[in-house]
Amino acid sequence: MLNKIASPSKTIKMAEYNFRETEQKWQQYWEENKSFRADEGGEKEKFYVLDMFPYPSGAGLHVGHPLGYIGSDIMARYKRIKGYNVLHPMGFDAFGLPAEQYAIQTGQHPAITTEENITRYKEQLKNMGFAYDWDREVRTCEPDYYRWTQWIFQQLFESYYDKKADKAMLISELVAAFEADGNAKIDAACDEDTPTFTASDWAGFTEKEQSDILLKYRLTFLNEAVVNWCPALGTVLSNDEVKDGYSERGGHPVERKKMMQWSMRITAYAERMLNGLENIDWPEPIKEIQRNWIGKSRGAELDFDIVGHDAKMRVFTTRIDTIYGVTYMAVAPESDWVDMITTPDQKEVVSQYVEQSKARSERDRMADVKTVSGEFTGAYAINPFTEEQIPIFVADYVLAGYGTGAVMAVPGHDDRDHRFARYIALKEGKDEFHYIKQVIEGPDVKEESFPGRDGLIINSGFLSGMKMQEAMDKAIAYMEEKGIGQAKINYRLRDAIFSRQRYWGEPVPVFFKDGIPTLLPTQELPLELPEVDKYLPTEDGEPPLARASNWKTSEGYELEKSTMPGWAGSSWYLFRYMDPKNETAFVGTDKQAYWKNVDLYIGGSEHATGHLLYSRFWTKFLFDRGFLKVDEPFQKLVNQGMIQGTSAFVYRDPKTNTFYSKGLKKAGMQQLHVDVSLVRNDVLDIEGFKNWRSEYKDASFELENGQYICGSEVEKMSKSKYNVVNPDDIIDQYGADTLRLYEMFLGPLEQSKPWNTNGIDGVFKFIRKFWSIFHNDANEWILQEDQASEAELKVLHKTLKKIEEDTERLSFNTAVSTFMICVNDLGKLKSHKRAIMEPLIIALSPYAPHLAEELWRKLGHQASVSQAIYPQWEEKYVVEAVHTYPISINGKMRHKMEFSLDMPKEEIEKQVLEAEQVQKWLDGKSPKKMIVVPGKIVNVVV
RNA sequence: GCCGAAGUGGUGGAAUUGGUAGACACGCAAGACUUAAAAUCUUGUGAGUAUUAAUGCUCGUGCGGGUUCAAGUCCCGCCUUCGGUACCA
């Protein structure tokens, strides 16, 4: 080991560092002096570091929330002293369900609840010493903010997606095209059922008809859609707000319902959102989730004739190579095909089936995926390749919302079709394997389907003998020649439902003029939320806004009654921070051109398919329309891990109200959560517990060794589990710097971990050790102005280098270790020199800013340490002249030898072989081989 | 089922490009200081084993193989845990 330097024989008493007073003082200083105001322009480069802004809930912040905030704060402070203009703002995602649910229960206006919660959040955030520019705070619920959310909505309404230009364009250009030529030559994103019309058709349409056509093109549009309706919340939810058939917020059941809804044509951007992932620095898992959510699949679309009908049934398939294996067709119960093709004798049983599957809730359908059901429609289709007639069934394993709502079934090579084929054959009294046909060489497909992506096609006419890809190419060429089908790309992504039948959200800035949805004039924005008597739907099921008196325009037209979803305000907030007070635009062009987009975004991975998708969509749209210079919002994304709670349990015999210590518990006893503040190192504070709840006042306890030992388990941190730890309590006990360092020291930022305070003393000790470098036992200042020694400079510069490297790669846990090592080394050197301490304080300031500021001031500086410049480490102090080589024999470390780094290989080899410890292993023989890696290792192969 | 991430001492974790496994810290043990306690400091601390001792040897990064002078790190096959997703044709 290098640092075996004489250890101090005298014991040193730790000088007192008053963190409470000091931290408060500097937090006040930063606020008063606006130390972290973001400045634009000048010579400096910009760095924009952003946290996902929180929804201010009534519970306040717990110790899990700041993990990411601390990381981003370190980056913000670090980049600032590295000479960047740093933008590091904070705000609040303030519209949302909890405040509204509370309003329904209590009648208190959600604005009041929200305001209170925000005040609490800000207080907590300030206690942690974060370097936010609070002058740029935004709140999505304020009219000054949502005015622009409404404005963006209007821009979307006024736009369509032109596929030739591959971007969003003004709807007025589309209207001009319709007037000139109709829509036959238009290639734009639109509804599936958009009719084709000529210029004269267009001219002949009524105003209402024209409006309806345009809605099929607009990027935000009104149409009848099957939606996720949540009766308990009284609103519609988007796909990403539904988890396993229950609402994500509140966990209420969700059902399918057809309703008139505002939607966002996000599908127009599917391809660009997919491609854009290549150019952003995001964690691969998140990109993968978005890719899956967008769900691009290449395949083919083809038409099947229906016996006795003119209409052709169009299906989408990714396996056109298996076309000869098609033995039946299936349509979704909700699809229009059902009524169209069902024969009279099958009408009753089919409509009964359709009713039954509608009644089946979404959740039931998902719960038993393996159970298939369906009925014969009586109709037959003709396979265009084989001319065979095949039956058409209605089956609820076919989804109305994907592809065309109809499928060609290949039971031999698709698992779902296989399951249904056996079910329906048995039901019809046929042989179980009646519908199963093998068209790919491989194992027998009777018992189990075989995807066979590598096998050869068989029994398939002109496709036989080919491999999958070749067969697909040939089949598509054949279809195109015959005009029955073509290659087609399909996406799983659905247009996003945008209406919410709730109160606490942005009003949709639209009114209805003779049934035609019309935008409010821009100068009338913001359309402010009206006062209502109750926050509930009306008696006839209209949204709460219908309760507002005179919810009409000045001309008396009815205003839209639904509000926007939670993700509206958060889809563009990053741009508002650049120019939060602008009254003429959502962001000023010059400001946006300077800050561009977010350089580092830190937040949870749970937003992968919601916020992170929608904000990319809006950014691309605003870019297309020329309002932004960037088309991705977040250049680099880091997902911080979740801090879980460690719940504590007590065990009660329900009959006797006696609590048994963990080691004494028996079967049949209740396991009850106990507040973690009453437990220390698994030992229960019995007196505290008795006072916690009145029903425990007279409880008796069976102890182990005089103590009551609690059980523990890692769970999500939540109020109901009594395992929430408030950062304020930690700060009160140890200070904000300790909390910051400790949360970082816990492990890599990305990693999830349960909260425990087992190691916090080590970090607390470090803070005091750092202080005591400058102070003697009597807490007197003992700075030395002498020149620093070589050894001291080495410690300093190695630290500076490592801290810089670790901070750049967000490895904050190892950076904290590095500081600890440095302080230990300086302690051994008894170093108290300004030349060492001054640079060190600057390096420490992003991590423990309060301590750093205090010492910086005591060193005589008048300006904040945040205005200092990060010291440059010097090569000469970092490189070693000698290296202690590990000498391995057959790859195992056996010995160590010190050699100069410029010693030639041959010389090292010679000396190593001469060494006694190596001779021992050679046993008189000469080595087979020798590997010398300069500056690293020597390996002798015997 | 599919996709993704991860498994290292009693604990949190480190090892950045294949090159000394266990940095740093907690905990634990012994000692110093103290009337005492707290605080602080010093020393030790992966497991096993041999020696009076310094020291040495064997094993060791979820399991089983492989590549390599050298594997926590790369390859193949499994197991476990945690996330995401789910009839997407």
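Proteins come first, then strands; the chains are lettered A, B, ... in the order of their sequence lines, and each starts at number 1.
- For A:K794, the salt bridge (charged side-chain N to carboxylate O under 4.0 Å, His left out) criterion is met by A:E880, not counting sequence neighbours.
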Tabulate protein N/O versus nucleotide N/O from nucleotides 58-61 of chain B, keeping only pairs under 3.5 Å, one per line.
residue, atom, partner, partner atom, Å
B:rU58, OP2, A:R894, NH1, 2.8
B:rU58, OP2, A:R894, NH2, 3.1

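- Geometrically, A:K801 engages A:W873 in a cation-pi contact defined by less than 6.0 Å to the ring centre and at most 45° from the axis.
- Listed by chain and number, the residues in a ring-ring contact (aromatic ring centres under 6.0 Å, His included) with A:F304 amount to none (sequence neighbours excluded).
- Of the candidates B:rA25, B:rA89, B:rG84, the closest approach to any side-chain atom of A:V407 belongs to B:rA89.
- What separates CH2 of A:W337 from P of B:rA89 is a distance of 20 Å, to the nearest Å.
- Contact check, A:N824 against B:rA23: no side-chain N or O comes under 4.0 Å of OP1 or OP2.
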Original post:
In B/S/- notation, 5' to 3', how is nucleotides 7-20 of chain B contacted by protein heavy atoms closer than 4.0 Å?
Top reply: -----BSSSB--BB
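- Relative to the side chain of A:N292, the nucleotides B:rU40, B:rA86, B:rC3 differ in distance, and B:rC3 lies closest.
- Shown here are the ring-ring contact (aromatic ring centres under 6.0 Å, His included) partners of A:Y423, two or more places apart in sequence or in another chain: A:F420.
- Note: OH (A:Y742) to C1' (B:rC26) measures 8 Å, nearest angstrom.
- Among B:rC24, B:rC87, B:rG4, the nucleotide with an atom closest to any side-chain atom of A:Y397 is B:rC87.
- A distance of about 25 Å separates the C1' atoms of B:rU43 and B:rC57, rounded to the whole Å.
- Under the side chain to side chain contact (heavy atoms under 4.5 Å, CB included) criterion, A:R809 pairs with A:K802, A:D806, A:S811, A:T814, sequence neighbours left out.
- Dashed line: the shortest gap from a side-chain N or O of A:R768 to OP1 or OP2 of B:rU40 is under 4.0 Å.
- In this entry the base of B:rG62 is anti relative to its sugar, with a glycosidic angle more than 90° from 0.
- In the model, A:S373 has a side-chain atom that pairs as donor or acceptor with a side-chain atom of A:Y353 under 3.5 Å.
- B:rG9 and B:rG60: their P atoms are spaced 14 Å apart (whole Å).
- Stem analysis of RNA chain B (at least three stacked-register Watson-Crick or G-U pairs, each with both distances under 3.5 Å) gives B:1-7 with B:79-85, B:10-12 with B:24-26, B:27-32 with B:40-45, B:46-50 with B:55-59, B:62-66 with B:74-78.
- As rounded to the nearest Å, B:rG46 and B:rA15 have C1' atoms that lie 16 Å from one another.
- The only option from A:N490, A:T404, A:I476, A:V315 that meets the side-chain contact (heavy atoms from CB on, under 4.5 Å) definition with A:E301 turns out to be A:T404.
- Taking atom P on both B:rG62 and B:rA21, the two are 16 Å apart, rounded to the nearest angstrom.
- Side-chain contact, A:N779 with A:W771: a donor N or O sits under 3.5 Å from an acceptor N or O.
- Under the salt bridge (charged side-chain N to carboxylate O under 4.0 Å, His left out) criterion, A:E288 pairs with A:R291, not counting sequence neighbours.
- A:T818 has no side-chain polar atom (N or O) that falls below the 4.0 Å cut-off from OP1 or OP2 of B:rC24.
- Residue contacts shown for A:S297 are limited to sugar-phosphate atoms, with no base heavy atom under 4.0 Å away.
- Regarding A:N639, its CG atom lies at a distance of 20 Å from the P atom of B:rC82, rounded to whole Å.
- In the set B:rA89, B:rA23, B:rC3, the nucleotide with an atom closest to the side chain of A:E288 is B:rC3.
- Nucleotides B:rA29 and B:rU51 are separated by 23 Å at their C1' atoms, to the nearest Å.
- The interatomic distance linking A:R291 (CZ) with B:rG84 (P) rounds to 19 Å, in whole Å.
- Every pair passing salt bridge (charged side-chain N to carboxylate O under 4.0 Å, His left out) that includes a residue from residues 316-331 of chain A is listed here, sequence neighbours excluded: A:R319-A:D321.
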Side chains of residues 933-940 of chain A: which donor-acceptor partners sit under 3.5 Å, not counting sequence neighbours?
residue, atom, partner, partner atom, Å
A:N939, OD1, A:G891, N, 3.0

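- Atom pair A:I289:CD1 and B:rG83:C1' shows a separation of 8 Å (rounding to whole Å applied).
- Under 3.5 Å, the side chains of A:D417 and A:Y397 contain a donor-acceptor pair of N or O atoms.
- Rounded to a whole Å, the NZ atom of A:K716 is 15 Å from the C1' atom of B:rC82.
- The separation of B:rA6 from B:rG12, taken at their C1' atoms, amounts to 16 Å, rounded to a whole angstrom.
- When the C1' atom of B:rG84 is taken as reference, atom CG of A:L612 falls 14 Å away, rounded to whole Å.
- Taking atom P on both nucleotides, B:rC3 is separated from B:rG56 by 50 Å, rounded to a whole Å.
- In this view, A:Y742 and A:W755 satisfy the ring-ring contact (aromatic ring centres under 6.0 Å, His included) rule, not counting sequence neighbours.
- Protein atom CD1 of A:I294 is 15 Å distant from nucleotide atom P of B:rU85, rounded to whole Å.
- A:Q469 pairs by the side chain to side chain contact (heavy atoms under 4.5 Å, CB included) definition with A:M472, A:D473, not counting sequence neighbours.
- Spacing between B:rG4 and B:rC74 at atom P, rounded to whole Å, works out to 16 Å.
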